[in-house]
Amino acid sequence: MIPFFLSFFFFFFFTFFSLSTQHDQNQNNSLSLSFPLIAVHLHPNTSSTLNPSLLSPNPRPKTTPSSPYRYKSTFKYSMALIVSLPIGTPPQTQQMVLDTGSQLSWIQCHNKKKTPKAPPPPPTASFDPALSSSFSVLPCNHPICKPRVPDFTLPTSCDQNRLCHYSLFYADGTLAEGNLVREKFTFPRSIITPPLALGCAQDTSETKGILGMNLGRLSFASQAKISKFSYCVPTRTTRPGFVPTGSFYLGDNPNSAGFKYVNLMTFQQTQRMPNLDPLAYTVALQGIRIGAKKLDIPPSVFRPNPSGAGQTMIDSGSEFTYLVEEAYNKVREEIVRLVGPRLKKGYVYGGVADMCFDGNAIEIGRLIGNMVFEFEKGVEIVVEKERVLTDVGRRVHCIGIGRSDRLGAASNVIGNIHQQNQWVEFDLANRRVGFGKADCSRSIV
């Protein structure tokens with residue numbers, strides 16, 4: 001089975017102690033880069049009241065000078081974004097899941113025998129620390145390994161060699177563990193990052209690493225002082241032999257003038273919220289429309305309650321969208337009203353999604369109509385009726401929404417399946433997320 005890289009960890013790891021992220025907003029030190037991306041198809045095994053005292057005002061958007069560099073590249077997409085990054089000195093190309101829901105980046109590490117005239121390793125090869133002059137391992141007494149304030153988002157321990165060891169459990173039960181290390185990223189135009197902390201995994205069933213891009217202090221975005229990044233996910237296709245191409249930026253995006261922005265929710269550090277992921281890109285979802293009908297879901301269902309349950313996050317590392325029970329039931333109720341007799345009886349895809357069909361997907365989509373996720377300021381993510389159903393194989397099509405409680409989570413997650421044909425920009429300096437409608441399958445600037 002191909003495991004699912006669900007981008008958030010089990011939520012019982014998160015506490016208010018982990019809110020130690022500091023964002024350097026100095027654009028003169030920020031990077032603006034792009035990388036070649038490829039894709040892999042992954043399996044989906046990924047009444048509350050808002051307390052106003054939990055929130056603090058978002059800073060006003062401010063004008064910042066353009067970054068000195070801007071790089072843009074394309075990626076192949078099936079349902080997960082896989083970025084190829086040059087890591088080490090000299091660089092070894094590594095493949096990593098671009099994940100806005102994870103903090104720690106990690107790569108596969110295995111020592112390989114040196115060969116004097118060996119060709120450069122292929123992108124799928126694991127990283128060989130012995131071939132890099134800039135590689136170093138963090139000892140147990142390093143501040144990252146033993147912070148003054150415990151960071152429960154990054155469980156660390158001391159191994160038998162007195163090196164810093166980490167273990168990460170993902171929501172599908174996947175385990176990734178190894179040593180914390182420091183290594184440089186080497187990009188075109190001689191742009192080299194300082195040594196960044198990342199995981200060097202020796203014990204994992206995954207063939208790809210993770211590029212952690214959330215708000216955590218140890219994410220790639222935070223450590224490399226990335227001011228903003230964006231991607232445009234193309235529509236999925238089942239045409240044999242064809243994989244659509246999308247676009248990805250690190251740094252300024254020339255299309256951003258047409259983006260509409262929603263502010264990130266900000267949480268006070270003094271609040272203990274055991275079900276909250278404080279490092280996620282949390283936004284205020286207002287409601288959901290199916291066809292012309294606005295579903296009867298209170299906005300509070302999409303916001304964290306005093307325990308943190310109910311937050312809504314934008315997640316590139318999750319394939320499906322996930323909703324808490326009250327919201328999911330309302331969506332399913334409307335789907336049953338519209339096309340109930342066509343539902344595939346007793347079928348649950350991946351243990352989380354039970355709105356599936358084995359009839360004509362185009363016809364069923366027309367009967368359902370567009371699905372719209374509504375945010376503040378009139379910002380919307382529109383899922384056209386032609387894309388409401390997704391092909392999950394064996395001629396079965398499902399609404400791309402699962403129950404979050406089946407994952408042991410208490411959150412709403414907007415997955416990449418509902419980010420198609422949208423520019424999605426994460427503006428870290430101004431703490432906001434931008435959306436811009438686009439035909440991501442075409443070559444765009």
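Only this structure's heavy atoms are used, side chains among them; waters, hydrogens and symmetry mates stay out.
Cysteines Cys440 and Cys232: SG-SG separation is under 2.5 Å.
The six-membered or imidazole ring of Tyr231 lies away from that of Tyr249, with a centre-to-centre distance of 6.0 Å or more. Centroid-to-centroid, the aromatic rings of Phe435 and Phe375 come within less than 6.0 Å.
Looking at Asn412, its side chain never comes within 3.5 Å of a backbone N or O of Ala327 through a donor-acceptor pair.
With rounding to the nearest 0.5 angstrom, the CG atom of Leu279 is 10.0 Å from the CE atom of Met313. Atoms CD1 and CD1, from Ile401 and Ile288 in turn, are 6.0 Å apart once rounded to the nearest 0.5 Å. A distance of 8.0 Å separates CZ of Arg366 from CD of Glu363, quoted to the nearest 0.5 Å. In this structure, Glu334 CD and Ile399 CD1 are separated by 11.0 Å, a value rounded to the nearest 0.5 Å.
With respect to the salt-bridge test (charged N to carboxylate O, under 4.0 angstrom), the residues Lys260 and Glu380 do not qualify.
Residue pairs meeting the disulfide (SG to SG under 2.5 Å) criterion with at least one member in residues 304-342: none, sequence neighbours excluded. For residues 323-435, the pairs satisfying disulfide (SG to SG under 2.5 Å) are Cys356-Cys398, with sequence neighbours left out.
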Derivation and outcome, ring-ring contact (aromatic ring centres under 6.0 Å, His included), residues Phe248 and Phe229: CA-CA 8 Å; Phe248 176 65; Phe229 63 94; 7.0 Å; no

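For the pair Arg342 and Phe357, the cation-pi test (distance below 6.0 Å, angle within 45°) is failed.
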